[in-house]
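The structure under discussion appears below in the form of structure tokens.
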Number of protein chains: 2
Amino acid sequence: MTDILPQGATIGILGGGQLGRMLSVAASRLGYRCHVYDPGANPPAGDVCAQVTTAPWDDAAALRAFAASVDVITFEFENIPTATLDLLEAAKPIRPDRRALSVSQDRLTEKQFLRDLGLMTAPFLPVSDAASLTDAVAQIGTPAILKTRRMGYDGKGQARIMSAADAPNALAEVVGAEAILEGFVHFSHEVSVIAARGLDGQVAAYDPGENLHQDGILRQTTVPARLSGSQRADAVLLAGRILNALDYVGVMGVELFVTPQGLVVNEIAPRVHNSGHWTQNGCTVDQFEQHIRAITGLPLGDAGRHADVVMENLIGDDMDRVPELLAARDVALHLYGKTERRAGRKMGHANRVVGRG
Amino acid sequence: MTDILPQGATIGILGGGQLGRMLSVAASRLGYRCHVYDPGANPPAGDVCAQVTTAPWDDAAALRAFAASVDVITFEFENIPTATLDLLEAAKPIRPDRRALSVSQDRLTEKQFLRDLGLMTAPFLPVSDAASLTDAVAQIGTPAILKTRRMGYDGKGQARIMSAADAPNALAEVVGAEAILEGFVHFSHEVSVIAARGLDGQVAAYDPGENLHQDGILRQTTVPARLSGSQRADAVLLAGRILNALDYVGVMGVELFVTPQGLVVNEIAPRVHNSGHWTQNGCTVDQFEQHIRAITGLPLGDAGRHADVVMENLIGDDMDRVPELLAARDVALHLYGKTERRAGRKMGHANRVVGRG
């Protein structure tokens with residue numbers, strides 16, 4: 001029997017973007033309050049939470065006061081500084097915990113962890129300088145992609161290497177950071193599994209969604225994905241294996257490449273995931289509520305899917321389409337309240353239900 | 001063309017209970033922020049809104065500051081003091097407006113308005129003293145029910161008159177307030193229509209729900225309701241007639257008695273309504289988002305129903321059933337974050353989806 005957070009308890013959320021915003025709304029449905037910590041002023045989550053702290057990640061006094069005011073801590077992004085986690089962890093449980101973060105914060109650790117679990121990944125080698133890059137390119141071949149080990153998201157901190165001659169420029173791109181060279185995976189499409197593990201070890205996984213990226217940013221997720229029955233089962237089983245190996249608590253996004261040789265794990269995200277937004281209109285318990293259930297010790301909800309959904313991100317000028325989307329049948333809009341529109345900025349998403357049953 | 005509130009605009013909500021709470025969440029999905037005004041400390045809506053003002057209804061300075069901070073004002077309950085409305089109305093638009101409030105704040109005005117529209121109501125007569133009560137009982141007959149004209153809700157301020165001898169006690173119950181005597185309506189069941197009218201005059205109505213009350217409090221709403229095709233059409237048409245007659249903007253709940261002679265209007269509520277909570281899990285656009293769309297000038301959403309739902313209120317000790325409801329399939333929980341449990345207090349509700357299509 002696990003400890004269940006009582007009604008009215010407070011959940012601390014590190015990061016106040018759209019994921020924190022939707023987590024806070026889900027927490028309210030379960031009778032919890034949220035306190036959001038974000039270095040930026042007026043974070044999107046601030047519109048729908050009980051309390052906001054605006055302070056940098058290294059403000060020890062603010063972090064201590066935040067930790068004192070909450071019952072459990074979670075986060076909406078994985079690149080939280082280590083010192084911040086050290087300080088918070090001493091005061092209150094962080095879920096998911098450090099192990100999941102340390103694996104996902106470092107692409108090399110992540111790939112090694114996945115390989116050790118017996119899962120397929122892209123071929124990879126660590127790169128720290130020109131010599132090790134030359135060796136890695138020779139072993140892995142081209143095309144390949146050089147990525148910083150840490151802090152990469154939405155295609156940043158990455159450089160393609162189409163031939164050995166590209167290596168010097170690629171190295172300049174990652175400006176001396178510890179890096180990893182990954183071989184290209186020839187895949188037909190990408191899917192992701194959104195899975196959850198409760199405090200009691202129970203696991204639940206949503207039906208995999210099929211993802212479409214553009215310029216390194218997720219544009220669209222469609223459920224059901226194009227997968228055979230055995231691929232679908234494989235996807236869910238491998239996600240469960242990852243969660244159990246980490247003794248994980250919360251929701252995780254697992255991105256997979258579909259290849260003729262099987263499913264190759266691209267990356268894992270120890271948090272609710274953009275490719276799981278379709279669950280808001282396709283499932284009784286969406287990924288945000290599922291995460292809150294997990295970290296508060298509640299039983300996980302049924303992850304069954306009752307609709308076919310196409311989730312589309314609204315990025316930058318996609319907001320011009322809001323009037324049309326508001327008028328469309330079977331479209332649920334989820335806007336993030338960001339008043340400043342920028343190219344590449346995620347402003348909202350729309351879930352279009354294309355079939356039910 | 002109507003003025004549409006821009007992204008990031010602020011909606012003022014009078015009253016911070018569960019209706020205000022769910023309105024604020026819906027507003028966030030459309031990119032709006034909410035400022036809640038409530039005399040009580042820590043209102044449920046305070047967990048999910050951008051700003052809270054805790055001040056009495058007669059605090060002119062607080063009301064002015066509130067009005068100055070918002071772009072439009074709405075409310076979650078109809079018994080707002082007249083002086084409060086006078087002050088706010090001078091500063092910002094209130095939607096729905098005074099006319100809807102004046103009709104629904106007074107049972108006598110309400111009944112007369114409905115009768116003037118050609119709609120059926122219970123027989124009624126005004127009562128101000130013992131003599132007029134005796135006359136009214138003689139004309140209307142027994143059983144009948146004496147109700148205060150103002151401030152009644154959840155069965156309070158009411159007294160049954162089973163025979164003329166009950167009259168003195170009934171009068172004592174309403175303690176000299178202006179009252180109305182209503183004749184009993186022999187009905188088979190009660191239904192309600194949740195309907196909306198936009199700033200542009202567009203009207204949308206949800207499928208009627210069938211309501212079950214206990215001790216004067218709504219226990220359960222089921223969709224679809226037991227209604228013939230023509231009854232269903234009548235219900236929706238009469239709701240539209242009421243909205244148009246009031247030049248109404250927002251969501252309204254219309255309670256109807258089903259009788260062999262037709263539909264009798266019991267009462268109207270100029271706000272989102274407990275009997276419309278099923279729309280959260282039965283429709284793409286729920287009553288809360290529909291209300292926000294209406295008052296912000298956005299087009300109304302499709303009110304189509306995609307599921308059969310049983311909505312059950314969780315009152316007082318019903319909260320003991322939360323673990324069972326969390327574990328049930330196809331049940332969506334909506335808790336209000338109230339830490340103090342009291343008999344008769346609405347603590348949350350559960351929407352059980354019992355069929356899809």
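Keep in mind it's a predicted model, so treat the numbers as computed, not measured. Protein chains get the first letters and strands the later ones, always in sequence-line order, with residue 1 at the start of each.
- Within a 6.0 Å sphere centred on CG of B/Asn42, heavy atoms belonging to other residues, nucleotides or ligands number 12 at most.
- For A/Met319, the part lying under 4.5 angstrom from a heavy atom of chain B is the side chain only.
- Here CD of A/Glu340 is found 13.5 Å from CD of B/Gln7. Values are rounded to the nearest 0.5 Å.
- Only the side chain of A/Asp302 comes within contact range of chain B, with heavy atoms under 4.5 Å apart.
- Only the side chain of B/Thr339 has a heavy atom closer than 4.5 Å to any heavy atom of chain A.
- Comparing B/His334, B/Glu289, B/Met22, B/Arg293 by heavy-atom pairs within less than 4.5 Å of chain A, the highest count is held by B/Arg293.
- When the options A/Ile4, A/Leu30, A/Leu300 are evaluated for a side chain to side chain contact (heavy atoms under 4.5 Å, CB included) with B/Leu326, the one that passes is A/Leu30.
- Most heavy-atom pairs under 4.5 Å with chain B: of the set A/Ala27, A/Gly337, A/Ser28, A/Ala9, this distinction falls to A/Ser28.
- Ranked by heavy-atom pairs shorter than 4.5 Å toward chain A, the options B/Pro323, B/Pro299, B/Cys49, B/Gly8 are led by B/Cys49.
- The greatest number of non-hydrogen atom pairs below 4.5 Å with chain A, out of B/Met347, B/Arg329, B/Lys338, is found for B/Arg329.
- When each of A/Leu333, A/Val353, A/Thr10 is scored by its heavy-atom pairs under 4.5 Å with chain B, the top score falls to A/Leu333.
- Separating the CG atom in A/Asp47 from the OH atom in B/Tyr32 is a distance of 13.0 Å, to the nearest 0.5 Å.
- With a threshold of 4.5 angstrom between heavy atoms, A/Val331 approaches chain B through N, CA, C or O but not through any side-chain atom.
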